[in-house]
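First comes the structure, then the notes that go with it.
No hydrogens, no waters, no symmetry mates; every other heavy atom, side chains included, goes into these values.
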Amino acid sequence: MSNQTGEIKRKSPPSSYEIKNEKQNNQKNIKTSFDWTKYETHFNNEIQEERKKLEKIYTKTLPDIQELEIYQGIVTHISDTMIIVDIGFKAEGAISVSEFRENFNIQVGSKIEVMVVKIDYKGQCILSYQKAKMLRNWQRINQAYEKSEVILGYVAARTKGGLIVEIFDIECFLPGSHINVKPVRDYDTYVGKTMEIKVVKINKKTKNVVVSHKVLIERDIEEQRKEMISKLDKGQVLEGKIKNILPYGAFVDLGGVDALLHITDMSWPHINHPTEIVQLEQELKFVVLGVDKEKNRVQLGLKQLQPHPWNSLDKNLKIGSKVKGKVSVLADYGAFVEIIPGVEALLHISEMSWSTDLSSTQDFVQIGDELETVILTIDRQERKMSLSVKQLTQDPWINIQEKYSIGSEHIGIVKKFTNFGVFVELEQGISGIIYTNDLSWIKKIKHPSEFCNINDKLKVIVLSIEIQTRRFNLGHKQLTENPWEKYEKIYSVGSIHNGIILNLFEKGASVKFTENQTIEAFAPLRFLEKKNGSTIKKGEKADFKIIEFNKETKKIVISHTSIYRDKDKKKEQRVKKNRKFERSTLGDIAGLAKLKEKIEKEKNK
């Protein structure tokens, strides 16, 4: 037993190990050559064996105590400052009375759980009641989290963003968004009350616990929802309230069950947004269109409570009947035309015009356009109908060559640009293409917009007709004579013309001839040098020699430098020729003198 000062009294005799240590300590103080180890070893083997047997038997009676583990102990003594607890080890442990401030029912003989904090070198156990209690509480919280158990918690206080809830003497955080399924504005109403909660998150590093009360409410709602959905069936008519509106439809509250009302099931006539039919908090009757009991989904209909518009469609309408309607929907493949409210028919893009250059539906119609059409197909059982606009007129491609013969001239309207040309409409359903290189003889056109505008009237000539593909190949420049035939004679290679520098570039300059402002020529940079070594500037006039002419590519290359360089070369050639003539003349004179002298000698003889 321990005394009043909390000192621990040993319950068993010292072991041979402790005796040996004590002897060794004594030997340090006493200088002697006596070998105790050798003495004990040879003292008496029978005594040594008996001692080992007793130590082994004694050791088996002691429990295997580990640090930071919880053990059950018995209170053996209580003082003003300490409580002595026996956990069945060779020594009792002392715990401060302050750890029992919340439990005043502790008495001698009470069984309590304690944690072995540490076993010191003397074999003494350092125990803790609070740490054992805290560990047990954490184990209970983790168990509740793993098993998804519902537990009671006490709301101790409110904090920023939620509430502090005590569970097993551990403070947990209940976020404001997890108090209820509906937003909570006043948190103080929950303080001091107990509520059912569920552990949803545990951070073992920071020892933080997050709990929720909303998940329990949602669980109850989900169970009620499943029960209600199990009773629903297709065709039932129910009352509901519009809860939420989205671009694709609306969600309806059927009294605990949310169901989807798609925009296509709101009205027989086409609508662009659900607000054209329903409003928030509006109470209406709906028909159940489908129930998915596995996914707990319900689909409702509103228009199905009204007679189908096809039932009121004129029974005399048939294939070939002419009908009028308004364009309600545009698609890539065509347009839907509303004949009467709720009855729509398809006008395919191929049935809009005899022309084949329609690349999109918007090229022909827009939403809201009123059209006169003819019925191509009609199926009252499937409630489908297809229309045509081009069938109202005769196919203009019949005997097309008689009206638009090759070489004939016409006036068309520019309808569309492409990177390679322009589409021109000759009449409704008849159009052709002018390729970019057939627009002008003179201008180098990169895009048709440089030459004309949409809806411009343009005179054209028929170059070719492709009847199978229904395409015209048209031309514009062919209406006039090719001026490059004439230019070939005027701007022959070697001829000299006066021009003005329009623009300077890195590699040269563009030049316009003063005698003809319609064409341009190109002068390389090295051919812009003057006789004095300077370069011709922008806006300056000068003479240029034609050094290259190509009427196919409409290319003229000119040079100013070549003019004076060629003159210098000719002058140099003339000088060389004169020098050669002079040399030959003097030589002839010397020869004649010798011949004359020879003749005179012969005469004298």
Nearest non-hydrogen partners of Ala335 and Leu330, listed with the distance: CB-CD2, 3.8 Å

Donor-acceptor under 3.5 Å (Ser388 side chain, Val374 main chain): no

Side-chain touch Ile179/Tyr187, heavy atoms, less than 4.5 angstrom: yes

Working for side-chain contact (heavy atoms from CB on, under 4.5 Å), residues Val211 and His178: CA-CA 8 Å; Val211 295; His178 278 264; over 6 Å; no

Val75 vs Ile84 side-chain heavy atoms within contact, under 4.5 Å: no

Residues, nucleotides or ligands: over 12 heavy atoms within 6.0 Å of Met195 CE: yes

Gap separating the CG atom of Leu261 from the CD1 atom of Ile277, nearest 0.5 angstrom: 10.0 Å

Expected output: side-chain Ser328 to main-chain Phe336 donor-acceptor under 3.5 Å: yes

Whether Glu351 side chain and His348 backbone form a donor-acceptor pair below 3.5 Å: no

Flag side-chain contact, heavy atom, 4.5 Å: Lys198 against Arg219: no

Arg140 to Phe168 six-membered ring, cation-pi geometry met (6.0 Å, 45°): yes

Approximate separation, where rounding is to 0.5 Å, of Leu300 CG and Asp265 CG: 9.0 Å

Under 3.5 Å donor-acceptor, Trp268 side chain and Pro341 backbone: no

Smallest separation among heavy atoms of Glu196 and His213, with atom names: O-ND1, 2.6 Å

Shortest non-hydrogen contact between Val257 and Val298, atoms and distance: CG1-CG2, 4.3 Å

Leu238/Leu232 under side-chain contact (heavy atoms from CB on, under 4.5 Å): CA gap, chis, key distance, verdict: CA-CA 10 Å; Leu238 305 171; Leu232 295 178; 3.5 Å; yes

Parallel, tilted or perpendicular, as decided by the 30° and 60° cut-offs, for the rings of Tyr248 and His262: tilted

Separation between CG of Leu174 and NZ of Lys214, rounded to the nearest 0.5 Å: 10.5 Å

Shortest non-hydrogen contact between Glu372 and Leu392, atoms and distance: O-CD1, 3.0 Å

Side chain proximity check, Ile242 to Val252, heavy atoms < 4.5 angstrom: yes

Check: Thr264 main-chain N/O paired with Lys303 side-chain donor or acceptor under 3.5 Å: yes

Whether Lys201 side chain and Asn208 backbone form a donor-acceptor pair below 3.5 Å: no

Over 12 foreign heavy atoms within 6.0 Å of CG, Asp332: no

Between CG on residue Leu280 and CG on residue Asn244, distance to nearest 0.5 Å: 7.0 Å

Asn419 atom CG, neighbour heavy-atom count above 12 within 6.0 Å: no

Donor-acceptor contact present, side-chain Thr373 to main-chain Val323, <3.5 Å: yes

Full working for side-chain contact (heavy atoms from CB on, under 4.5 Å) between Val199 and Ile151: CA-CA 8 Å; Val199 179; Ile151 50 182; 4.1 Å; yes

pair Gln236-Val291: side-chain heavy atoms closer than 4.5 Å: no

Closest non-hydrogen atom pair, Thr275 against Ile245: CG2-CG2, 4.1 Å

Side chain proximity check, Ile349 to Phe364, heavy atoms < 4.5 angstrom: no

Side chain to side chain, Leu260 and Arg297, heavy atoms closer than 4.5 Å: no

Met134 and Ile170, any side-chain heavy atoms less than 4.5 Å apart: yes

Side chain to side chain contact (heavy atoms under 4.5 Å, CB included) partner of Leu387, chosen from Leu346, Leu376, Ile339, Leu371: Ile339

From Lys241 atom NZ to Leu254 atom CG, the distance as rounded to the nearest 0.5 Å: 12.0 Å

Under 3.5 Å: donor-acceptor pair, side chain of Asp363, backbone of Ser360: yes

Stepwise side-chain contact (heavy atoms from CB on, under 4.5 Å) test for Ile229 and Lys295: CA-CA 10 Å; Ile229 289 176; Lys295 297 182 179 180; over 6 Å; no

Candidate list Gln381, Lys384, Glu382, Met385, test side chain to side chain contact (heavy atoms under 4.5 Å, CB included), partner Trp310, passing option: Met385

Distance (rounded to the nearest 0.5 Å) between Ile141 CD1 and Ile167 CD1: 5.5 Å

Over all atoms of both residues, closest heavy-atom pair of Ile378 and Leu317: CD1-O, 4.1 Å

